[in-house]
A.B. asks: 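This is the structure I have questions about; it appears just below.
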Amino acid sequence: MPQDLNHLESVALSELSRIETPGELEEWRVRYLGKKSALTAALRSLGTLPPDERRALGARANDVKKNLQSRFDAKQQAVSVSSIGQSIGVAPLDVTLPGRPFPMGRLHPITRVIQEICAVFARMGFQVIEGPEVEKDYYNFEALNIPQDHPARDMFATLWLDQKDDSTARLLRTHTSPMQVRIMETHKPPLRFVVPGRTYRYEATDATHDWMFHQVEGLAVDIDITLRDLKETLFEFCRSVFGRDTGVRFRCDYFPFVEPGGEVAIECFQCKSSGCRLCGGTGWLEILGTGMVHPDVLARCGIDPTVYSGFAFGMGVERITILRYGVDDIRHFYSGDFRFLRQF
Ligand code: FA5
């Protein structure tokens with residue numbers, strides 16, 4: 001009987017030394033340490049032996065069981081470590097290797113320029129507010145002194161959402177100026193607001209025109225606001241965004257909702273004002289329309305034009321980004337081409 005136990009122990013240990021997987025190890029445990037194993041049967045049969053034999057054989061059987069159990073525990077640990085190593089495919093793990101680079105996302109250039117524009121005006125005391133892209137005829141046109149059939153509607157080729165000719169007809173806003181009216185209807189002067197947002201026009205595209213583009217509207221209403229405030233605010237804006245050395249041109253223009261009206265243009269970065277495809281040969285890129293808020297518009301919004309005056313402007317964000325970063329065509333911005341976008 002002791003010889004049987006010695007044989008059993010040496011066979012079990014030699015099999016254990018060749019085991020490599022958790023499955024094989026479990027089979028081994030059932031075979032040598034399980035309830036139906038030869039060792040368990042030997043321990044159970046001890047009661048049938050005479051006392052002397054029982055003591056000696058019992059001690060030996062328990063030794064064998066303890067030895068097999070402790071060798072099993074050690075093997076179980078080794079097998080589980082190596083199976084983790086295999087499953088992650090790195091054995092051993094080199095913790096000194098540099099980490100894998102994580103591709104960083106970035107803001108679209110238009111988003112960045114909108115944030116920059118708003119930050120410049122925030123420093124001058126303007127609040128930022130947003131408004132609806134689906135607008136009513138009333139806010140986009142009528143309240144801005146552009147009634148039905150007014151020729152100035154041709155300045156804003158419109159994408160209509162309703163087929164009716166009244167002030168409730170819905171459209172995709174052609175400019176951010178409707179927000180002038182919404183702000184003046186709901187806030188009391190003094191007012192200083194900028195409104196960034198998307199605008200839409202039913203227009204053919206070229207290097208400086210798209211059918212969807214962004215504007216930032218500006219509105220300031222207070223006692224004693226003059227054209228001088230308007231010019232100084234806009235020149236300060238141009239100096240902040242384009243630097244002191246870039247040429248800025250201010251000249252008269254017509255918009256029905258301002259009087260007088262004007263426009264600001266920046267010298268073309270591509271040809272240095274000598275004329276090229278980008279600036280249409282003029283040497284200048286128009287970035288914004290502006291003017292003193294028309295007294296009729298103030299009155300329509302419940303603000304007394306004999307007490308208050310104000311200025312407004314609407315700037316094209318894509319045009320400013322073109323000039324800021326030297327982009328040669330507005331259509332790059334929404335082409336979804338990562339080779340273009342990764343440059344910013
Ligand atoms: C307007 O939209 C007026 N609402 C601006 C205004 C506001 C005037 C307040 C007076 C007082 P205009 O159509 O010129 O004006 O557009 C303003 C700016 O938007 C332009 O100077 C230009 O920078 C930009 N812009 C106009 N059309 C396009 C277009 N199709 N694609 C890209 N940018 C455009």
Side-chain angles (χ1 to χ4, degrees), residues 1-116 118-119 128 130 133 196 198 212 214 321 325 332-344:
M1 206 50 163
Q3 289 87 333
D4 290 350
L5 283 175
N6 291 345
H7 178 67
L8 178 93
E9 186 179 30
S10 74
V11 170
L13 291 178
S14 113
E15 275 183 27
L16 187 65
S17 66
R18 290 193 295 275
I19 282 177
E20 287 177 355
T21 67
E24 290 168 351
L25 188 63
E26 178 57 13
E27 279 172 23
W28 184 93
R29 187 193 66 75
V30 171
R31 194 157 55 247
Y32 291 106
L33 292 168
K35 281 185 194 150
K36 292 181 184 161
S37 66
L39 189 57
T40 307
L43 283 164
R44 273 207 200 106
S45 67
L46 285 175
T48 61
L49 299 174
D52 280 358
E53 226 179 295
R54 187 192 311 157
R55 211 171 296 122
L57 207 61
R60 177 66 189 131
N62 274 325
D63 282 350
V64 171
K65 187 173 182 185
K66 267 192 213 153
N67 188 26
L68 291 187
Q69 183 67 52
S70 77
R71 300 285 283 273
F72 168 81
D73 291 344
K75 186 73 180 188
Q76 195 176 35
Q77 208 171 352
V79 166
S80 83
V81 167
S82 95
S83 78
I84 289 171
Q86 279 169 13
S87 70
I88 60 174
V90 282
L93 187 64
D94 184 352
V95 292
T96 64
L97 283 173
R100 293 199 187 112
F102 238 83
M104 284 286 285
R106 64 193 79 198
L107 292 177
H108 191 277
I110 296 300
T111 308
R112 282 169 52 167
V113 170
I114 287 175
Q115 289 180 350
E116 193 182 333
C118 290
V128 180
E130 290 186 4
E133 288 173 32
R198 288 197 185 94
M212 188 287 288
H214 292 75
T321 314
Y325 292 109
H332 289 312
F333 289 121
Y334 307 111
S335 64
D337 187 340
F338 279 115
R339 289 169 306 176
F340 170 73
L341 294 172
R342 278 203 193 98
Q343 299 174 67
F344 295 90

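What you see below is based on every heavy atom in this structure, not just the backbone, and it leaves out hydrogens, waters and symmetry mates.
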A.B. asks: Excluding sequence neighbours, so at least two apart, what forms side chain to side chain contact (heavy atoms under 4.5 Å, CB included) with Val30?
C.D. replies: Glu26

A.B. asks: For Glu116, enumerate each residue passing the side chain to side chain donor-acceptor pair (under 3.5 Å) test, keeping only those at least two apart in sequence or located in another chain.
C.D. replies: Arg324

A.B. asks: Quick test of your reading: applying salt bridge (Lys or Arg N to Asp or Glu O under 4.0 Å), list the pairs with at least one residue in residues 61-75, sequence neighbours left out, ordered by first then second residue.
C.D. replies: none

A.B. asks: Quick one: pull up CG in Leu107 and CD1 in Ile114 and give me the separation to the nearest 0.5 Å.
C.D. replies: 11.0 Å

A.B. asks: With side chains defined as the heavy atoms from C-beta onward, is the minimum distance between Val113 and Ile110 less than 4.5 Å?
C.D. replies: no

A.B. asks: Holding to side chain to side chain donor-acceptor pair (under 3.5 Å), I want the full list of residues that pass it with Arg342, two or more places apart in sequence or in another chain.
C.D. replies: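 Side chain to side chain donor-acceptor pair (under 3.5 Å) list for Arg342, sorted by chain: empty.
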
A.B. asks: Does Leu25 reach the side chain of Gln76, with side-chain heavy atoms less than 4.5 Å apart?
C.D. replies: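 Yes. Closest side-chain heavy atoms under 4.5 Å.
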
A.B. asks: Measure the CZ-CG distance between Arg31 and Leu68 for me, rounded to the nearest 0.5 Å.
C.D. replies: 12.0 Å

A.B. asks: Tyr325: which residues meet the ring pair (Phe, Tyr, Trp, His ring centres under 6.0 Å) condition with it, sequence neighbours left out?
C.D. replies: Phe344

A.B. asks: Could you check, using the six-membered ring where one of them is a Trp, whether His214 and Phe333 have ring centers closer than 6.0 angstrom?
C.D. replies: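 Ring centres of Phe333 and His214 not closer than 6.0 Å.
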
A.B. asks: Provide the closest heavy-atom pair for Leu8 versus Ala38 in the form atom of the first, atom of the second, distance.
C.D. replies: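 It is CD1-CB, 4.0 Å.
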
A.B. asks: Any side-chain heavy atom of Pro22 sitting closer than 4.5 Å to one from Ser80?
C.D. replies: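 Not touching, per the 4.5 Å side-chain cut-off.
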
A.B. asks: Does anything in residues 35-64 pair up under ring-ring contact (aromatic ring centres under 6.0 Å, His included), and if so which pairs, sequence neighbours excluded?
C.D. replies: none

A.B. asks: How would you list, by chain and number, every residue that makes a side chain to side chain donor-acceptor pair (under 3.5 Å) with Thr40, sequence neighbours excluded?
C.D. replies: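 With neighbours one apart ignored, the set is Ser37.
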
A.B. asks: Got a sec, which residues hit salt bridge (charged side-chain N to carboxylate O under 4.0 Å, His left out) with Arg198, two or more places apart in sequence or on another chain?
C.D. replies: Glu133

A.B. asks: Side chains of Arg60 and Asn6, heavy atoms from C-beta outward: is any pair under 4.5 Å?
C.D. replies: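 In short, these two side chains touch, coming nearer than 4.5 Å.
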
A.B. asks: Please identify each residue that fulfils side chain to side chain contact (heavy atoms under 4.5 Å, CB included) with Thr21, with sequence neighbours left out.
C.D. replies: Glu24

A.B. asks: Check step by step if side chain to side chain contact (heavy atoms under 4.5 Å, CB included) holds for Val79 and Glu20.
C.D. replies: CA-CA 6 Å; Val79 166; Glu20 287 177 355; over 6 Å; no

A.B. asks: For Arg18, give me all partners under side chain to side chain contact (heavy atoms under 4.5 Å, CB included), at least two apart in sequence or on another chain.
C.D. replies: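 Scan of Arg18 (side chain to side chain contact (heavy atoms under 4.5 Å, CB included), adjacent residues dropped) gives Ser14, Glu15.
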
A.B. asks: Not counting sequence neighbours, which residues clear side chain to side chain contact (heavy atoms under 4.5 Å, CB included) with Leu46? List them please.
C.D. replies: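 By the side chain to side chain contact (heavy atoms under 4.5 Å, CB included) rule, Leu46 matches Leu43, Leu49, Arg54, Leu57.
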
A.B. asks: Can you name the nearest heavy-atom pair linking Phe72 to Leu16, along with the distance?
C.D. replies: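 Reported closest heavy-atom pair: N-CD2, 4.1 Å.
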
A.B. asks: For the residue pair His332 and Leu341, establish whether any side-chain heavy-atom pair is separated by less than 4.5 Å.
C.D. replies: no

A.B. asks: Please list all pairs meeting ring-ring contact (aromatic ring centres under 6.0 Å, His included) that have one or both residues in residues 31-53, counting only residues at least two apart or in different chains.
C.D. replies: Trp28-Tyr32

